[in-house]
Asks: 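First the structure, which I've put down as structure tokens, then a few questions once you've had a look.
Here the structure is a predicted model, which means the values were calculated and not measured.
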Amino acid sequence: MVSKFAGILLLISYVVSIRLPFSEEHSFLLWIVFVILLIVLIDYLLGRFISKPIDQICEMAHRAARLDFSRPCRITSNDEFGELADNLNKMSENLQDTLGKLEAANIRLEQDVRQERKLLRERKELTDRLSHEMKTPLGVIRAYAEGIQDETDEEKRQRYAGIIISETERMSTLIGTLLDLSALENGAVSLVSERFDFVEFVETIAGRLLIDMPETDFILQYELPEEKIFVDTDKQRMEQVLNNLIVNAKKNVSPNGMLRLSLVEQDGGLCFSVYNQGNCIPPENLSKIWELFYRDKNTKYSGSGLGLAITAQILTMQNLEYGAENLPDGVRFFFSIPTIK
């Protein structure tokens with residue numbers, strides 16, 4: 001339209017200029033001045049309505065090529081440039097949204113890959129450790145089974161059979177514990193909460209494990225609240241936790257040493273702790289004691305190395321704080337649990 005309008009004006013101005021009542025030279029000069037003004041006007045209009053929008057569109061295209069969608073193209077005209085700018089802005093928004101989704105998907109994929117590698121590594125470690133754990137009882141079973149074949153003394157045959165049964169039960173317990181831990185970790189089982197008196201609960205379990213055993217060779221101290229204090233948690237799983245912590249302390253307490261059990265109200269909850277006098281855990285290994293099959297060679301503990309791993313898993317599933325710390329002459333295990341009315 002601008003070019004057509006300029007052409008028409010140019011023709012009209014020429015016709016008008018030759019009909020003016022001036023000399024031919026003056027008429028031509030006036031027409032030249034008019035042409036120059038027309039050229040300046042056309043240049044301004046072309047710059048405003050064509051060159052400037054094209055520059056803005058090119059600038060946005062360069063930013064889009066660098067994946068920079070921070071600034072939209074600000075063309076508000078109702079012509080083809082305005083429509084092109086709107087389409088470019090929509091394209092940029094869609095690209096930015098798609099790139100964001102791709103980035104989030106890549107992050108999830110990286111996390112999944114790391115998790116898969118971690119699971120493969122843990123599975124290999126579990127297989128290696130389980131093979132190591134099974135090697136000893138299987139060797140014992142084979143040795144005593146061969147001994148039974150050649151042994152004529154009935155008393156020895158019965159003793160060998162008892163050892164074989166004991167080792168078989170040990171392997172069965174180990175496999176059952178591993179399956180239980182695997183079910184907890186994979187979410188195959190869930191916790192069933194119920195309301196019960198935690199003070200009486202601790203008294204019952206501690207009495208069964210510490211007081212009712214006549215062969216104890218340690219000094220027992222305990223501190224429990226006098227009144228009933230209720231909690232809402234899985235009673236059966238918390239019994240596993242207390243069993244593992246108390247039995248661990250009982251096996252590691254030094255002869256005639258102190259074993260102290262306490263249950264104290266603290267910050268709207270209960271803090272359970274069990275302390276055994278004896279060898280401390282090396283500080284660099286304090287965080288490892290909750291790992292599968294971990295054993296501290298400086299302790300007397302000779303179990304499967306699964307009890308504390310199950311304890312950690314049960315407490316973690318309930319978001320309960322727990323830990324272990326070295327004291328000057330022993331080790332203290334503890335966890336906290338909220339109370340209810």
Side-chain angles (χ1 to χ4, degrees), residues 121-186 188-189 205-218 236-237 239-257 259 274 276 278-279 281-282 285 288-314 331 333:
R121 185 172 62 253
E122 291 178 350
R123 190 176 301 170
K124 182 180 182 302
E125 292 177 356
L126 176 61
T127 303
D128 293 342
R129 292 176 176 179
L130 187 57
S131 300
H132 177 75
E133 293 292 328
M134 290 296 188
K135 188 180 297 183
T136 300
L138 285 174
V140 172
I141 290 172
R142 177 172 181 174
Y144 280 96
E146 292 173 349
I148 287 179
Q149 290 179 332
D150 301 328
E151 185 58 58
T152 57
D153 188 328
E154 184 61 25
E155 183 178 350
K156 287 186 177 181
R157 287 172 62 88
Q158 291 295 326
R159 183 161 60 86
Y160 291 172
I163 293 174
I164 291 174
I165 293 172
S166 175
E167 292 298 319
T168 304
E169 290 177 348
R170 178 186 169 192
M171 285 196 301
S172 177
T173 301
L174 177 63
I175 294 172
T177 305
L178 276 173
L179 291 175
D180 188 28
L181 179 59
S182 177
L184 287 170
E185 290 177 339
N186 296 329
V189 296
I205 296 175
R208 171 168 53 83
L209 296 176
L210 300 176
I211 300 176
D212 297 340
M213 299 292 183
E215 71 277 5
T216 56
D217 59 348
F218 54 84
Q236 181 179 358
R237 292 297 180 180
E239 183 174 351
Q240 279 184 277
V241 170
L242 293 182
N243 278 337
N244 290 332
L245 293 180
I246 293 174
V247 169
N248 179 72
K250 183 179 176 181
K251 288 188 175 182
N252 286 282
V253 65
S254 57
N256 298 317
L259 194 153
V274 56
N276 65 272
N279 292 331
I281 300 173
N285 293 339
K288 299 178 182 178
I289 59 176
W290 309 101
E291 296 177 1
L292 200 62
F293 289 119
Y294 173 79
R295 293 195 190 114
D296 186 351
K297 63 183 180 180
N298 296 319
T299 68
K300 300 180 295 180
Y301 187 64
S302 58
S304 62
L306 295 174
L308 292 180
I310 288 182
T311 297
Q313 182 63 33
I314 293 173
V331 181
F333 287 82

Asks: Answer yes or no: is there a donor N or O on one side and an acceptor on the other, between the side chain of Arg157 and the main chain of Ile148, under 3.5 Å?
Replies: yes
Asks: Are any non-hydrogen side-chain atoms of Arg142 and Glu146 less than 4.5 angstrom apart?
Replies: yes
Asks: Kindly say whether Gly162 contributes a backbone atom to a donor-acceptor pair with the side chain of Ser166 at under 3.5 angstrom?
Replies: no
Asks: Is there a donor-acceptor contact under 3.5 Å linking the side chains of Gln240 and Gln236?
Replies: no
Asks: Run the salt bridge (charged side-chain N to carboxylate O under 4.0 Å, His left out) check on Arg208 and Glu239 step by step: do they pass?
Replies: CA-CA 12 Å; Arg208 171 168 53 83; Glu239 183 174 351; 3.3 Å; yes
Asks: Within the 4.5 Å heavy-atom criterion, are Lys250 and Leu210 side-chain neighbours or not?
Replies: yes
Asks: State, with a plain yes or no, whether a side-chain heavy atom of Val331 is found less than 4.5 Å away from one of Asn248.
Replies: no
Asks: Main chain of Gly307, side chain of Thr311: is a donor-acceptor contact present, judged purely on distance under 3.5 Å?
Replies: yes
Asks: If only atom types and distance count, is the side chain of Asn285 paired as donor or acceptor with the main-chain N or O of Ile281 below 3.5 Å?
Replies: no
Asks: Measuring only between side-chain heavy atoms, which start at C-beta, is Asn279 closer than 4.5 Å to Asn252?
Replies: no
Asks: Count the heavy atoms belonging to other residues, nucleotides or ligands that lie under 6.0 Å from CD of Glu155, then report whether that count exceeds 12.
Replies: no
Asks: Does the side chain of Leu308 come within less than 4.5 Å of Phe333's, by heavy atoms?
Replies: yes
